[in-house]
Amino acid sequence: MLDIKLLRECPAQLAANLVDRRVWIFDDLTSEVEGWAEATIARLAELDQTYLGLLREQEELRRQQNETSAAMKRVGKLPKAEQAAARGPLVEKGRELRAREQELGESASAAQATRDEAWGRVPNLTHPEVPRGADEHTELSRWGSPRDFEAEGFSEPPRDHLSIAESLDLVDFASGAKVAGQKFYYLKNDAVLLDLALQHFALGVAREHGFILHTTPDLARVEILQGLGFNPRGESTQVYSIADSDLCLVGTAEITLGGMFADSILELDKLPLLVAGLSHCFRTEAGSAGQESRGLYRVHQFTKVELFAFTTAEGDESEALHKRMLAIEEGIFQALELPYRVLDIASNDLGGPAYRKFDIEAWMPGRGDYGEVTSTSNCLDYQARRLKIRYRPASEGKAKAKPKYVHMLNGTAVATSRALVAILENHQQADGSVSIPAVLRPWVGKDRIVPVAGA
RNA sequence: GGAGGAGUGGCCGAGUGGUCGAAGGCAACGGACUUGAAAUCCGUCGUGCCCUCCCGGGUACCGUGGGUUCGAAUCCCACCUCCUCCGCCA
């Protein structure tokens, strides 16, 4: 959620941002309508003014109520004989004020709810360097180069991870579908160790960079999800909800890590506060299909080590940290010996809370293209505002400084399913085996995965 | 799952219907003392929102949401969380 003051002070900037993000707030004001963005902001401003007007009226009535109570208190000091006569009209007035105040209060909170619901859907501002548009992501860098399988003597084109995994007996989608539905799966044999090795490795890297390690709940309250900008109730939601409760399965530990410090004031000397979390991630993946969803690439459940950071709002501290988080992610994929490219994601593709997002896409020989394996976003104070996570800046002069909202950043250390896709495809050998990246060998206990005898 | 107890400012903690935005302490900040520091002493010190001629004024907030009352931190109900005991269990 953005600061509502922006609506009153910078309406033009907000309208321009809606265009950049291609996000509409009201169903009748989509990009097909001329001047939709300005009209959207104007309507938001109107909702805001309606609420403020009602609020002022309500506060005036409350002031009168308080006045009446104070008068009643003074009645107690009158001579006993006069008290009853003095009390009567005041009780009457108090009753009347209460009735009016309650009625007005209902209109005021309804108006506030309407405003907040719409305002909450307004996306974060966008970093000036972010490319504007749909798919015009800026490629910031590339590392490594895709293998030339033909030159290496492969008689056939490289296989995709699903075919490799099946031939090495590493995955069982059929049983997954039987037990939990399509896009659920069992990992088997060395894939289990590989999956754990990736978690162990990523957690080690996170700790080396000063992140406090956590395992987190895999469920969270709706309220926390919303605080982080997730919409568990929308029609195109990615989130599983638990029936008859206010709980959801988390789609990422970003939710549980970000929610940890809701309603608190963090100590300045503890910032930046770096936390990492290992969790399962559950996604409905409603409506997604096709090539991209083959095998482990897009599944309903996977495991992820997530990086999360809370920092001050001073200067470009969060931007510097954002680049640091990207560097950590790059270090992980370099250690896994996976060629990749880094994208500065274009404005249309940014999630609502993100101010800027860098994706790492690893080369995936099976489909002959790059595929997303990590993502790191700087959300500034957008999430902190609704979650009420603040810090107290250093005081200047006499007065104690007012608390400010922290900046919050998140990033993937490793999502094991996607990393498995990249490892299996990039490290496949002509004889059908898969070479294990050196950094993972201690945990897998071998250099390569070879076909199971007799399989 | 059953029975009891508790949730108050950054932290600890008093407060059982109006004199309470809330004692006291800690921490923090400003100052005095000191060569400097510590100690001591004096002072300041919650947050959101609304209005403002920027001096201030109003309103709300004592776990959350309802209710009783002219008036609620205080009484009632529901929920959340924590603690103690019992039961069950990996």
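Reckoned from all heavy atoms, side chains included, excluding hydrogens, waters and symmetry mates. Order of the sequence lines fixes the chain letters, A, B, ..., with proteins taken first and strands second; residue numbering starts at 1 for each chain.
- With a cut-off of 3.5 Å on both pairing distances, B:rG21 has no Watson-Crick or G-U wobble partner at all.
- For the pair A:Lys388 NZ and B:rU47 P, the interatomic distance rounds to 15 Å; values are reported in whole Å.
- Residues from residues 58-68 of chain A lying near RNA chain B, meaning a heavy-atom separation below 4.0 Å, are A:Glu59, A:Arg62, A:Arg63, A:Asn66 in numerical order.
- If you check B:rC26 for Watson-Crick or wobble pairing at under 3.5 angstrom, you find it paired to B:rG10.
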I'd like to compare against my own output: the B/S/- annotation of nucleotides 73-81 of chain B with a strict under-4.0 Å heavy-atom distance to protein. -------SS

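- Nucleotide B:rC49 forms a pair with B:rG58, judged by Watson-Crick or G-U wobble geometry with both contacts under 3.5 Å.
- In this structure, A:Gly94 and A:Asp48 both approach RNA chain B, and ranking their closest nucleotides by distance from the 5' end singles out A:Asp48.
- For the OP1/OP2 pair of B:rC51 and a distance below 4.0 Å, the side-chain nitrogens and oxygens of A:Arg56 include at least one atom meeting the criterion.
- Following rounding to the nearest Å, A:Ile389 (CD1) and B:rG10 (C1') show an atom-to-atom distance of 16 Å.
- Pairing of B:rA73, defined by two Watson-Crick or G-U wobble distances under 3.5 Å, is not identified with any nucleotide.
- Note on A:Lys93: nothing from the nucleic acid sits closer than 4.0 angstrom, heavy atoms only.
- Atom NE2 of A:His200 is surrounded by 12 or fewer heavy atoms from other residues, nucleotides or ligands within 6.0 Å.
- Salt bridge A:Glu314/A:Lys404: present, at least one basic N to carboxylate O contact under 4.0 Å.
- By the 6.0 Å and 45° rule, A:Arg418 does not stack over the aromatic ring of A:Phe302.
- Because its NZ or CZ atom is not both nearer than 6.0 Å to the ring centre of A:Tyr240 and within 45° of the ring axis, A:Arg283 does not count as a cation-pi partner of that residue.
- Residues passing the salt bridge (charged side-chain N to carboxylate O under 4.0 Å, His left out) test with A:Lys446 are A:Asp190, sequence neighbours excluded.
- Between A:His322 and A:Phe358, the ring-plane angle classifies as parallel under the 30° and 60° cut-offs.
- Of the nucleotides present, none pairs with B:rA90 by Watson-Crick or G-U wobble criteria with both distances under 3.5 Å.
- B:rA39 is unpaired under the criterion used here, namely a Watson-Crick or G-U wobble arrangement in which both key atom distances are under 3.5 Å.
- In terms of phosphate contacts, A:Lys73 brings no side-chain nitrogen or oxygen within less than 4.0 Å of OP1 or OP2 of B:rG71.
- Electrostatic pairing of A:Asp48 and A:Arg43 does not count as a salt bridge here, judged by no charged N lying under 4.0 Å from a carboxylate O.
- Summarising the base pairing, B:rU34 is matched to no nucleotide, lacking a Watson-Crick or G-U wobble pair whose two defining distances lie under 3.5 Å.
- Salt bridge annotation for A:Glu59-A:Arg63: absent, with no cationic side-chain nitrogen under 4.0 angstrom from a carboxylate oxygen.
- Counting any heavy atom pair closer than 4.0 Å across all strands shown, A:Arg385 reaches no nucleic acid atom.
- A:Arg115 comes within contact range of no nucleotide atom at all, as no heavy-atom separation falls under 4.0 Å.
- At least one donor-acceptor pair closer than 3.5 Å links the side chain of A:Asp3 to the backbone N or O of A:Lys5.
- Comparing A:Glu267 and A:Tyr51 along RNA chain B, the residue whose closest nucleotide (by nearest heavy atom) sits nearer the 5' end is A:Glu267.
- If you check B:rC79 for Watson-Crick or wobble pairing at under 3.5 angstrom, you find it paired to B:rG63.
- Within the 4.0 Å cut-off from OP1 or OP2 of B:rA28, not a single side-chain nitrogen or oxygen of A:Arg392 is found.
- Atom-to-atom, CG of A:Leu54 to P of B:rC51 comes out at 13 Å; the value is rounded to the nearest Å.
- A salt bridge does not link A:Glu101 to A:Arg98: none of the charged nitrogens lies less than 4.0 Å from a carboxylate oxygen.
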